[in-house]
2 protein chains.
Amino acid sequence: MQERNTLQKRIVHEALIEMACHPTADDVVVKVQSKYPSISRATVYRILNKLADSGEALRIRINNGADHFDHMTFPHYHVHCNNCGRVADVKMPVESLVDLLKDTSGYKIFGYSLQFDGMCPECVKVEEERGA
Amino acid sequence: MQERNTLQKRIVHEALIEMACHPTADDVVVKVQSKYPSISRATVYRILNKLADSGEALRIRINNGADHFDHMTFPHYHVHCNNCGRVADVKMPVESLVDLLKDTSGYKIFGYSLQFDGMCPECVKVEEERGA
DNA sequence: TCTGTTATTGATAATAAATCCTAATAAGGA
DNA sequence: TCCTTATTAGGATTTATTATCAATAACAGA
């Protein structure tokens, strides 16, 4: 038996899809508890992590604050307002990244951070040796 | 009197420059305390934050762990190894981002996150009104 | 050089976010 | 239905970081 389809998983995933904004885990807890008061905070965190790991959701890390989550529909980027803390989608083609300062979306852009996730050559090697 | 040039600031900044890796705040605390045992953890955090705010250092947020810091020399990106947790520089031109999967650097790239920091139109407006 | 102001520090308490722990629960195969 | 075990609830705990505040020390001016 691999993975179980629980009420909690369905409700959390559904809540994330419904929330068009970019909620923090805690936002999701509040939302979900309005429908299902007995759900545990740890459960919501666990399910959100699983969704993020499987690629069904995106985790957005913000300086000086909690992680935000985003139901993945299409590849896109995010702007974080340093003032109010809100996170919004950016529908900007990657190619124009270099023209950041000319952005006319109404956002004042101070900077950006790009981070790759993967596995370094050393770890790839170890993994391969273990597999072989 | 604006900003004071203290021994602590000099030592922390110097340590960050010396550390070619991408240390966490705690790594820097350990390093700095080897030279200057009485320095406080809070002081190191405070100074690192100031460096990051002023653009002299870069804060790199990693899933599931402490922030890493990087002495800024030139614009570049980072790879985080999901396996060992190490962070390394990526000297990849932005233009080739779309060709991620063809990357031949030896890293297995699973994904990336790009995040802008700035101020949203609503906040820009409020700021302007307050200033005027 | 001495002195006063105040930015900064050290030490520790406090906070925030997320995870761990474990008994209880319930999904779903037989 | 029963059994196995993945999953949950709920609180305790951990980890990273910040707040607090008295003590210290930069540095401008006398």
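The analysis underlying the following values was restricted to heavy atoms, covering all of them including side chains, and did not include hydrogens, waters or symmetry mates. Each chain gets a letter, A, B and so on, in the order its sequence line appears, and its residues count up from 1.
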Original post:
Whole-Å distance between dA26(C) P and Ile39(A) CD1?
Top reply: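 About 13 Å, once rounded to whole Å.
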Original post:
In whole angstrom, what separates His68(B)'s NE2 from dT15(D)'s P?
Top reply: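 Rounded to the whole Å, the gap is 15 Å.
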Listed partners of [X] passing side chain to side chain donor-acceptor pair (under 3.5 Å), at least two apart:
X        : answer
Asp67(B) : Arg59(B), Arg61(B)
Thr24(B) : Asp27(B)
Glu14(A) : none

**OP:** Kindly point out which of dT8(C), dT17(D), dG10(C) is positioned nearest to the side chain of Lys50(B)?
**Re:**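 Ranking dT8(C), dT17(D), dG10(C) by closest atom to the Lys50(B) side chain puts dT8(C) first.
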For a quick check of understanding: with a heavy-atom distance under 4.0 Å over all strands, which category does [X] fall into, base, sugar-phosphate or nothing?
X        : result
Ile47(B) : sugar-phosphate
Asp26(A) : nothing
Ser38(B) : sugar-phosphate

Original post:
Reading nucleotides 18-30 of chain D from the 5' end, what letters show protein touch, with B for base, S for backbone sugar-phosphate only, - for no heavy atom under 4.0 Å?
Top reply: BB-----BBB---
Just distance, no hydrogens or angles: give the donor-acceptor pairs under 3.5 Å from side chains in residues 32-39 of chain A, sequence neighbours left out.
residue  : atom : partner  : partner atom : Å
Gln33(A) : NE2  : Ile39(A) : O            : 3.0
Ser34(A) : OG   : Lys31(A) : O            : 2.5
Tyr36(A) : OH   : Gln8(A)  : NE2          : 3.1

Original post:
Do His68(A) side-chain atoms and His22(A) backbone N/O form a donor-acceptor pair below 3.5 Å?
Top reply: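 Yes, because the side chain of His68(A) sits within donor-acceptor range (under 3.5 Å) of the backbone of His22(A).
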**OP:** Under 4.5 Å between side-chain heavy atoms, chaining through other members, with only Ile, Leu, Val, Met, Phe, Trp and Tyr counted: pull out the rest of the cluster around Tyr45(A), sorted by chain and number.
**Re:**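 When side chains under 4.5 Å apart are linked, Tyr45(A) ends up in no cluster with other residues.
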**OP:** Apply salt bridge (charged side-chain N to carboxylate O under 4.0 Å, His left out) to Arg41(A) and list each qualifying residue two or more places apart in sequence or on a separate chain.
**Re:**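 By the salt bridge (charged side-chain N to carboxylate O under 4.0 Å, His left out) rule, Arg41(A) matches Asp26(A).
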**OP:** Output all residues satisfying side chain to side chain contact (heavy atoms under 4.5 Å, CB included) with Arg46(A), sequence neighbours left out; order by chain, then residue number.
**Re:**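 Expected list: Ala42(A), Thr43(A).
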**OP:** Using a cut-off of strictly less than 4.0 Å, decide whether Thr43(B) has a side-chain nitrogen or oxygen near OP1 or OP2 of dG10(C).
**Re:**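 Yes, such a contact exists.
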Original post:
Any side-chain heavy atom of Arg10(B) sitting closer than 4.5 Å to one from Asn5(B)?
Top reply: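 Contact flag for Arg10(B)/Asn5(B) side chains = yes.
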Subject >> Closest-nucleotide 5' rank along DNA chain D - winner of Tyr36(A) and Thr24(B) >> reply: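 Of the two residues, Tyr36(A) wins.
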Original post:
How bent is the helix from dT1(C)-dA30(D) to dA30(C)-dT1(D), comparing axes over its five end pairs at each side, to the nearest 10°?
Top reply: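 Comparing the first five pairs with the last five, the axes sit 40° apart.
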